[in-house]
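First up is the structure itself, then whatever we jot down about it.
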Protein chains: 4
Amino acid sequence: MGAVKNKRMPRAVREQQMLDAAVHTFGQRGYRAASMDEIAELAGVSKPLVYLYLNSKEDLFTACIRREAKALTAAVRAGVRPGLPADRQLWDGLTAFFTHTAQNPDAWSVLHLQARTHGEPFAAEVTAMREEIVAFVTQLIVVAARAAHRNPSLPEREVAGLAEALVGAAESLAAWANTAPGVSAKQAAATLMNFAWAGLGDLMEGRPWAPSA
Amino acid sequence: MGAVKNKRMPRAVREQQMLDAAVHTFGQRGYRAASMDEIAELAGVSKPLVYLYLNSKEDLFTACIRREAKALTAAVRAGVRPGLPADRQLWDGLTAFFTHTAQNPDAWSVLHLQARTHGEPFAAEVTAMREEIVAFVTQLIVVAARAAHRNPSLPEREVAGLAEALVGAAESLAAWANTAPGVSAKQAAATLMNFAWAGLGDLMEGRPWAPSA
Amino acid sequence: MGAVKNKRMPRAVREQQMLDAAVHTFGQRGYRAASMDEIAELAGVSKPLVYLYLNSKEDLFTACIRREAKALTAAVRAGVRPGLPADRQLWDGLTAFFTHTAQNPDAWSVLHLQARTHGEPFAAEVTAMREEIVAFVTQLIVVAARAAHRNPSLPEREVAGLAEALVGAAESLAAWANTAPGVSAKQAAATLMNFAWAGLGDLMEGRPWAPSA
Amino acid sequence: MGAVKNKRMPRAVREQQMLDAAVHTFGQRGYRAASMDEIAELAGVSKPLVYLYLNSKEDLFTACIRREAKALTAAVRAGVRPGLPADRQLWDGLTAFFTHTAQNPDAWSVLHLQARTHGEPFAAEVTAMREEIVAFVTQLIVVAARAAHRNPSLPEREVAGLAEALVGAAESLAAWANTAPGVSAKQAAATLMNFAWAGLGDLMEGRPWAPSA
DNA sequence: TATGAATGAGTCTTCATTCAT
DNA sequence: GATGAATGAAGACTCATTCAT
């Protein structure tokens, strides 16, 4: 933070500095409470330069959301090996997800809280990202269901709901893992896999889910 | 909206009108973006009266959160019969929860989104309510686990994580049920019970959870 | 203060309670910063009653000034015996003045500070009172000068200036006596008589003024 | 007034223009009654600029007090030659004082009336300045008393009271000199020297004080 | 005699945004 | 590539004052 005032840097670099500052400020204060003054100062530049590069507060916020949404989905994708069994893919994806959100709390605040709190230009950006993830999870469930042979046709809406629930639980656990002291990404992922894959019923019968590899 | 200007009402009534207007406006716009002018107009009173009765924007927001938190927990409590088996209690509670949030979308927005987005006076109010709910769910899980005999000692942190995941999934599904057209409270509750109680693994084996009564 | 809410009192009494509260509030806060709300509450009545009896904030303030000006001049007049020598009259007047201001600090604040700080309806009220006092002192000086024979004709403007200086010094010492701990009215009066009657020159020669009786 | 709108001036210059406008407005209306709008307009700038440079109404008022206190003490100091006899120093100081206050009536109103009328951030500023002046006068009296040999030990509190009375008389005469038509600074100073140094007693005996050079 | 209910108008303050260099 | 100077517009909050009872 408080970046040293390096004069005359190439535009691309300056822009990233500004986005860093903006993500931090938006994440901490929220969209409305964050002031362009504060962002400019944190980025170590003058306000007119922020406007020259990023155009407006709205555009700046949108740019933050896009960059961080891309970063998050990239992190999750990078954690998953497509060939492996569905539950393993899910486990890997969740681990990557919890790791990334723990390491980028401001970014996660922007995506999960701030962007959804303010009307339409922004919510849509996040919705797009979320849909991508839900689609990924949905497909995992479908594949797994087919592999299990027995119940080939979980109705589509049902699957959509399940994926939604799983993602929602993950989002919620991200906040929990960041707050409760000493909860690691792996622990959060394990908790969720137990919950989602085995189900409370199985758990209580003494049949938890366990990573296959 | 634009309530008819009934002059000279007793204070208690006016206050509820103001809270109605405030919940609506905060729910739609967010805390910062909502203006006291707008709230006063929607309530059909002048701004000074809002300040006279509710003191400040912060206090007004807090009053909204408190009222709606109380209403939500009351609705859930009213839906649950303590004597019944744990899964039935959970099902009833979820149904009440999805019904209430669907009928009070602005209130739910205030509690779930707006209050958490802004710093400490507010977040704490919601956290209190949420902890009450998580405690309720936690205890249901513990009771159910004991009843199942087989796994008498799910570790405490594990249970906490599971309850957290369940509540998080419910919160997330509330938004989904309100957005996706034609998803009823019962459907949302059923989806979640399947997910949480049976688990994806069982579901795919063709063993869904079903309400016991 | 915090007067017990005695309902249904005769108008004259209520008015005095209101003026008491107003003098206190105006004296502490100043004209603009004092609010009618605070005054009404301190007086133990509702605001409309204050307006019914005293009309407006301006009128209320004016009424305060008038009452307290009258009280102060009355106190000074009551302290002076017309037959006595001029310096004795002055000494008695000053003692009465310092005593009264010490016992009514809010009233003195209203007269000396608050009333003069705000434009014309008010300043004039105080000016009138002040002129009365200055005239009294002027006449004392003229009488004393005549009695001394030697300098029968102090020019008129000179005398006006001297009276002005004496009164100004007294006003200033009133604040000092109220602030500096343990300075009594008599001490303040003695200091001023020395200063004014004997003069620094005489004092330094070892010739202080002393009360003649 | 209504300064020509010179756009784009360096900050230091603009700040002085703002302080000029503020001293005028505060001096005329008082702290509370002066509006930032009026000050900004008189300064020929927009309100946000005033806030950008001077921070808040409180800070602006404090800045006025400080600037004018400094200017007044500087003017008095500049009028006095340390080597000369005490009465001559006093005479020179008073002349400088009356001259300065006559030429800067708004500044004098701010220092003498407005600042003292409003609570603690402000009164302290003036008190500091006043104490400096009282200390200067006190020391003059002490020096003169020593030089006169005869009464080497005027008690300390006595001297403090005398200095207080002298300064109070001067402050009071400043208003008188500004109000009564045709009273010059020299005349005011002469009146006060007669009053203070010779004393009414001597005056009436035909022994006025006269400047020694 | 006395008040609970209500408001028009104004004040301080902040913020996103631009111009001129 | 970069900034010091400047503002229109809006928002939270307060206050003197009145109406209906």
Side-chain angles (χ1 to χ4, degrees), chain A residues 5-11 13-14 32-40 44-60, chain B residues 5-11 13-14 32-40 44-60, chain C residues 5-11 13-14 32-40 44-53 55-60, chain D residues 5-11 13-15 32-40 44-60:
Chain A
K5 268 197 188 180
N6 284 331
K7 306 243 164 181
R8 310 257 147 197
M9 330 229 334
R11 169 158 184 164
V13 177
R14 270 278 193 263
R32 293 280 310 217
S35 86
M36 295 298 272
D37 268 298
E38 193 179 353
I39 292 171
V45 284
S46 70
K47 243 186 316 173
L49 200 59
V50 178
Y51 278 88
L52 189 61
Y53 286 178
L54 276 314
N55 229 6
S56 75
K57 198 185 186 186
E58 260 195 74
D59 286 4
L60 174 56
Chain B
K5 269 197 188 182
N6 283 333
K7 301 250 163 178
R8 301 264 139 193
M9 332 233 330
R11 172 166 180 158
V13 177
R14 271 281 192 261
R32 295 283 306 222
S35 92
M36 294 298 272
D37 269 300
E38 191 179 356
I39 292 170
V45 284
S46 70
K47 230 189 323 171
L49 201 59
V50 179
Y51 278 90
L52 189 61
Y53 286 176
L54 275 313
N55 237 354
S56 72
K57 197 183 186 184
E58 257 194 76
D59 285 5
L60 174 56
Chain C
K5 269 197 186 181
N6 285 331
K7 304 243 163 180
R8 310 257 145 196
M9 329 230 335
R11 170 159 182 163
V13 177
R14 270 278 194 262
R32 294 280 308 214
S35 86
M36 296 298 272
D37 267 300
E38 193 179 354
I39 293 171
V45 284
S46 70
K47 245 186 314 174
L49 199 60
V50 178
Y51 278 88
L52 188 61
Y53 285 177
N55 230 4
S56 74
K57 197 186 187 184
E58 259 194 74
D59 285 3
L60 174 57
Chain D
K5 269 199 189 180
N6 283 331
K7 302 252 163 177
R8 304 262 137 194
M9 333 233 329
R11 170 167 181 158
V13 177
R14 271 280 191 262
E15 267 186 25
R32 294 284 306 223
S35 90
M36 295 297 272
D37 268 301
E38 191 179 356
I39 293 171
V45 283
S46 70
K47 234 188 320 172
L49 202 58
V50 179
Y51 278 89
L52 189 61
Y53 286 176
L54 274 314
N55 238 357
S56 73
K57 198 183 187 185
E58 257 195 75
D59 284 5
L60 174 56

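Residue numbering restarts at 1 for every chain, and letters A, B, ... go by the order of the sequence lines.
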Nearest 0.5 Å, what's the [atom1]-[atom2] distance between [X] and [Y]?
{"X": "Arg14(D)", "Y": "Arg8(D)", "atom1": "CZ", "atom2": "CZ", "answer": "10.0 Å"}
{"X": "Lys57(D)", "Y": "Tyr51(D)", "atom1": "NZ", "atom2": "OH", "answer": "8.0 Å"}
{"X": "Arg11(C)", "Y": "Leu49(C)", "atom1": "CZ", "atom2": "CG", "answer": "9.0 Å"}
{"X": "Ile39(A)", "Y": "Met36(A)", "atom1": "CD1", "atom2": "CE", "answer": "6.0 Å"}

For the pair made of [atom1] in [X] and [atom2] in [N], what is the distance, rounded to whole Å?
{"X": "Arg14(A)", "N": "dT3(F)", "atom1": "CZ", "atom2": "C1'", "answer": "12 Å"}
{"X": "Leu54(B)", "N": "dA12(F)", "atom1": "CG", "atom2": "C1'", "answer": "14 Å"}
{"X": "Asp59(B)", "N": "dA12(F)", "atom1": "CG", "atom2": "P", "answer": "14 Å"}
{"X": "Glu15(D)", "N": "dA5(F)", "atom1": "CD", "atom2": "P", "answer": "10 Å"}
{"X": "Ile39(D)", "N": "dT13(E)", "atom1": "CD1", "atom2": "C1'", "answer": "14 Å"}
{"X": "Glu38(A)", "N": "dA16(E)", "atom1": "CD", "atom2": "P", "answer": "10 Å"}

Residues at least two apart in sequence or cross-chain that pass salt bridge (charged side-chain N to carboxylate O under 4.0 Å, His left out) with Asp37(B), listed by chain then number, are Lys47(B)
Assign a letter to each nucleotide of nucleotides 14-21 of chain F from its 5' end: B, base within under 4.0 Å of a protein heavy atom; S, sugar-phosphate only; -, no contact. BBSBBBS-
From the list dT7(E), dA6(E), dA6(F), which nucleotide is the closest neighbour of the side chain of Tyr53(D)? dA6(F)
Who are the side chain to side chain contact (heavy atoms under 4.5 Å, CB included) partners of Asn55(B), not counting sequence neighbours? Asp59(B)
Note every stem involving DNA chain F: at least three consecutive Watson-Crick or G-U wobble pairs, i with j then i+1 with j-1, with both distances under 3.5 Å. E:2-21 with F:2-21
Of all residues at least two apart in sequence or in a different chain, which pass the side-chain hydrogen bond (donor to acceptor under 3.5 Å, both in side chains) check with Glu58(A)? none
Looking at every non-hydrogen atom in both residues, tell me the closest pair between Ala40(C) and Ser46(C) and how far apart they are. CB-C, 4.2 Å
Give one of base, sugar-phosphate or nothing for Arg11(A), where a contact means two heavy atoms less than 4.0 Å apart. nothing
For Leu52(B) and for Pro10(C), find the nucleotide of DNA chain E with the closest heavy atom, then tell me which residue's nucleotide is more 5'. Pro10(C)
